[in-house]
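Just so you know, ligand 1 is whichever comes first in the structure, and atom 1 is the first atom listed for that ligand.
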Amino acid sequence: MTERMDHGPGAGRLEVVAGPMFAGKTEELVRRVHRAQVAGRGVVVVGHALDTRSGPGRVASHSGLEVASSTVGSAAEIPALVEPGTRMVAVDEAQFFGTELVDVAVRLADGGLVVVVAGLSVTFDGRPFDPLPGLMAVAESVTKLTAVCAVCGRDAAYHVRLSGAVSAEGDALRPVAAHVGGTESYQARCRLHRAR
Ligand code: ADP
Ligand code: MG
């Protein structure tokens, strides 16, 4: 992909990285952040306070990649993080920010910033997850990633929430529809295995 990182209002663009859990969205976000930093661009990385897995002050991938970030509680707080020299704003876990993030991201891109937004495009029960569909609609670039299905190894466009109990025989955990609280875990699943 050609990156145009020149200055000025026309340089703004919105890039979306979407997919289920474990698809490599954060890895891809961190890769783009590192490239911009190598090019000497000012980058602001933003995480949400609800992202308890990464913890405050960093965004982290499942594989251990991480980058320092500002942690905010809402999309409205993002524009104030932009400083003179900022060329890229990178937002991870976009689903935590709600639909308010669409207007904020568009305004930042309109103002000349490269805005990279990564997040879940699908809920654990297989439905479109706002605000990713709206962000994808107005972006210059959409990178839709898949994970690896935990059952069969095919491309996984979904993830499921599993009950916490594993049988003594090590049977595959089964998807659950209801929130079981605390003991759940998640697996990437393909179209065939998301329902069983
Ligand atoms: P995301 O942000 O989309 O949840 P991450 O970038 O945090 O994904 O992590 C991607 C990494 O997760 C992969 O490089 C791999 O090391 C690991 N991983 C664990 N389970 C899976 C899976 N089922 N499919 C793909 N990658 C997986
Ligand atoms: Mg992630």
Side-chain angles (χ1 to χ4, degrees), residues 1 14-37 43-73 75 78 88-98 101 105 115-136 139 141-164 166 170-176 183-196:
M1 189 188 313
L14 175 58
E15 304 177 358
V16 173
V17 181
M21 287 181 72
F22 307 108
K25 303 180 301 298
T26 300
E27 286 180 348
E28 179 59 22
L29 181 102
V30 171
R31 189 184 76 85
R32 294 184 194 188
V33 166
H34 282 158
R35 284 179 56 87
Q37 289 171 335
V43 182
V44 171
V45 181
V46 186
H48 197 285
L50 289 176
D51 181 8
T52 51
R53 190 174 55 82
S54 285
R58 64 195 193 108
V59 302
S61 77
H62 290 102
S63 56
L65 265 183
E66 61 176 67
V67 66
S69 68
S70 299
T71 302
V72 299
I78 298 174
M88 173 183 282
V89 175
V91 183
D92 199 19
E93 304 288 7
Q95 72 281 352
F96 286 134
F97 291 84
L101 182 60
V115 182
V116 183
V117 177
L120 293 176
S121 51
V122 69
T123 61
F124 74 91
D125 54 352
R127 296 174 212 280
F129 200 166
D130 284 333
L132 266 296
L135 288 163
M136 291 160 89
S141 133
V142 175
T143 303
K144 184 73 165 26
L145 299 174
T146 52
V148 175
C149 176
V151 177
C152 72
R154 289 195 185 98
D155 285 348
Y158 302 91
H159 58 273
V160 295
R161 187 154 66 190
L162 304 166
S163 66
V166 190
D171 288 346
L173 296 169
R174 303 193 70 80
V176 289
T183 59
E184 74 273 19
S185 62
Y186 295 87
Q187 278 186 354
R189 295 290 181 97
C190 70
R191 185 169 299 284
L192 178 65
H193 291 119
R194 79 187 150 110
R196 38 182 104 178

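Note on ligand 1: Gly19 sits outside its first shell, no heavy atom being nearer than 4.0 Å.
Here the protein heavy atom with the shortest distance to atom 12 (O) of ligand 1 is His62 CB, 3.6 Å. Of the protein's heavy atoms, Gly24 N, 3.1 Å lies nearest to atom 8 (O) of ligand 1. The single protein non-hydrogen atom nearest to atom 13 (C) of ligand 1 is Glu27 OE2, 3.6 Å, given as residue, atom name and distance. Shortest contact from atom 19 (C) of ligand 1 to any protein heavy atom: Phe22 CD2, 3.8 Å. In this structure, the protein non-hydrogen atom closest to atom 23 (N) of ligand 1 is Val148 O, 2.9 Å.
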- Evaluate side chain to side chain contact (heavy atoms under 4.5 Å, CB included) for Leu120 paired with Leu132, printing each intermediate quantity in order. CA-CA 7 Å; Leu120 293 176; Leu132 266 296; 5.7 Å; no
- Message: Using side chain to side chain contact (heavy atoms under 4.5 Å, CB included), reason through Arg191 and Arg154 one step at a time and then give a plain yes or no.
- Response: CA-CA 9 Å; Arg191 185 169 299 284; Arg154 289 195 185 98; over 6 Å; no
- Task: Output, in order, the C-alpha distance, side-chain angles, deciding distance and verdict of salt bridge (charged side-chain N to carboxylate O under 4.0 Å, His left out) for Glu28 and Lys25.
- Result: CA-CA 5 Å; Glu28 179 59 22; Lys25 303 180 301 298; over 6 Å; no
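Compare Ser63, Gly64, Ala18, Ser61 by their heavy atoms: the one nearest to atom 16 (O) of ligand 1 is in Ser63.
The closest side-chain heavy-atom distance from Val46 to Val72 is below 4.5 Å. Looking at Ile78 and Leu101, their side chains come closer than 4.5 Å, going by heavy atoms from C-beta outward.
Inside a 4.0 Å radius of atom 21 (C) of ligand 1 there is at least one protein heavy atom.
Taking every non-hydrogen atom of Ala23 and a distance limit under 4.0 Å, the qualifying atoms of ligand 1 come out as 1 (P), 3 (O), 8 (O). Atoms of ligand 1 lying under 4.0 Å from at least one heavy atom of Lys25, given by number and element, are 1 (P), 2 (O), 3 (O), 4 (O), 6 (O), 8 (O).
Ser54 places a side-chain N or O within 3.5 Å of a backbone atom of Ala60 that can act as its donor or acceptor partner. Between the side chain of His159 and the backbone N or O of Gln187 there is no donor-acceptor pair closer than 3.5 Å.
Residue Thr26 counts as close to the Mg ion (ligand 2), with an N, O or S atom under 2.8 Å.
Note on ring orientation: taking the six-membered ring where Trp is involved, the planes of Phe22 and His62 are tilted (angle from 30° to 60°).
At a heavy-atom distance under 4.0 Å, only backbone atoms of Pro20 (N, CA, C or O) approach ligand 1.
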